[in-house]
Amino acid sequence: MLLLALGTLLTSAVAEPADSYRACASIQGVRDRLACFDAAAKDDPVLVRARERAARSARNAEAQRLATAQNNALAAAQRRAAEAERRAREAEAALAEANKRADKGKSQRASIPSTFTGEIQSVRFAPYGEAVITLKDGQVWRQLSSDRELSERRVGKMKTVKVTKGRFGGWRMRIEPLGTTIRVRPRKDD
């Protein structure tokens, strides 16, 4: 009995849309017939489920597209953050190195007496012809570029220097036995 009732229920659910479509087919006017078919299709359970599946699929596709766009934006933001972090570490390292050089320069300048003599260990020339003079005690002095040039031929004759601090903070170096005086500054790490 239960099976018979269930079969009747299923048959009537399937028969209703089919009967509606058959009734629409008998209508003579084209517009009226199409309107009837449209009304029958709204109530057709197969088409309703198909529309729901299509809507669900479209929502899932949109959600997937949005998730992909968010993931891409997040990945790009993470790359930018990592690059900014790398640049910040490089800047911190450069700042620490600059502070170290500044402290070294301050201590070197603070330890230089206002007048002293020293023996020359070596003389070399910078790219623009300025002399870079290294003393045997490790001090390095660089000739100011605006000063006159020293002759490279006379390097072998340079033995000692007398360095004197000027009134306005500049330095003068007298090279003996040449008797030549040049303007210099303590060399920093350049």
Side-chain angles (χ1 to χ4, degrees), residues 1-112 124-132 134 138-146 169-170 184-190:
M1 185 82 146
L2 180 61
L3 289 176
L4 183 60
L6 187 58
T8 306
L9 183 62
L10 288 176
T11 305
S12 67
V14 172
E16 282 181 18
D19 291 339
S20 297
Y21 290 129
R22 269 189 226 105
C24 292
S26 64
I27 297 174
Q28 294 300 319
V30 174
R31 286 188 181 161
D32 293 337
R33 187 173 47 244
L34 287 175
C36 181
F37 278 122
D38 287 341
K42 283 183 186 177
D43 298 331
D44 188 343
V46 173
L47 294 177
V48 169
R49 284 193 301 272
R51 283 192 298 270
E52 288 172 355
R53 277 195 306 272
R56 200 170 32 251
S57 177
R59 283 191 305 270
N60 289 343
E62 180 63 15
Q64 183 66 31
R65 186 191 67 75
L66 287 174
T68 301
Q70 288 174 343
N71 288 340
N72 290 342
L74 178 63
Q78 288 172 336
R79 284 191 301 273
R80 287 191 303 272
E83 178 63 20
E85 180 74 22
R86 182 190 63 78
R87 286 194 313 264
R89 281 193 305 271
E90 288 175 357
E92 287 174 355
L95 179 61
E97 182 63 29
N99 286 336
K100 186 174 156 184
R101 282 196 311 268
D103 290 344
K104 182 179 175 184
K106 284 178 187 175
S107 66
Q108 181 182 14
R109 283 190 297 277
S111 65
I112 300 173
R124 66 178 178 83
F125 290 89
Y128 294 105
E130 307 95 15
V132 179
T134 304
Q139 290 185 44
V140 180
W141 293 83
R142 184 179 186 130
Q143 181 183 14
L144 296 179
S145 60
S146 62
V184 293
R185 65 178 166 84
R187 181 178 167 262
K188 299 174 184 126
D189 295 325
D190 43 30

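When reading the values below, keep in mind they use all heavy atoms of this one structure, side chains included, and skip hydrogens, waters and symmetry mates.
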Next item on the list: Identify, with sequence neighbours excluded, every residue that meets side-chain contact (heavy atoms from CB on, under 4.5 Å) alongside Val132.
Entry: Arg124, Ala126, Val140, Arg142, Arg187
Next item on the list: Return the set of residues passing side-chain contact (heavy atoms from CB on, under 4.5 Å) with Thr68 (not counting sequence neighbours), or none when no residue passes.
Entry: Gln64, Asn72
Next item on the list: Can you sort out the partners of Glu85 under side chain to side chain donor-acceptor pair (under 3.5 Å), two or more places apart, ordered by chain and number?
Entry: none
Check: Which residues pass the side chain to side chain donor-acceptor pair (under 3.5 Å) test with Asp44, sequence neighbours left out?
Finding: Tyr21
Note to self: I need the full list of disulfide (SG to SG under 2.5 Å) pairs touching residues 16-71, with sequence neighbours left out, sorted by first then second residue.
What the structure shows: Cys24-Cys36
Margin query: Just to verify, what does Ala76 make a side-chain contact (heavy atoms from CB on, under 4.5 Å) with, not counting sequence neighbours?
Written below: Arg79, Arg80
Next item on the list: Just jot down the side-chain contact (heavy atoms from CB on, under 4.5 Å) partners of Glu83, sequence neighbours excluded, or say none.
Entry: Arg86, Arg87
Enumerate, atom names and distances included, each donor-acceptor pair closer than 3.5 Å involving a side-chain atom of residues 52-61, sequence neighbours excluded.
residue : atom : partner : partner atom : Å
Asn60   : ND2  : Arg56   : O            : 3.4

Notebook entry, point to check: Do any pairs count as a salt bridge (charged side-chain N to carboxylate O under 4.0 Å, His left out) and have a residue in residues 24-42, sequence neighbours left out, and if so which ones?
Noted result: none
Checklist line | Sequence-distant partners of Arg65, side chain to side chain donor-acceptor pair (under 3.5 Å), two or more places apart | finding: Glu62
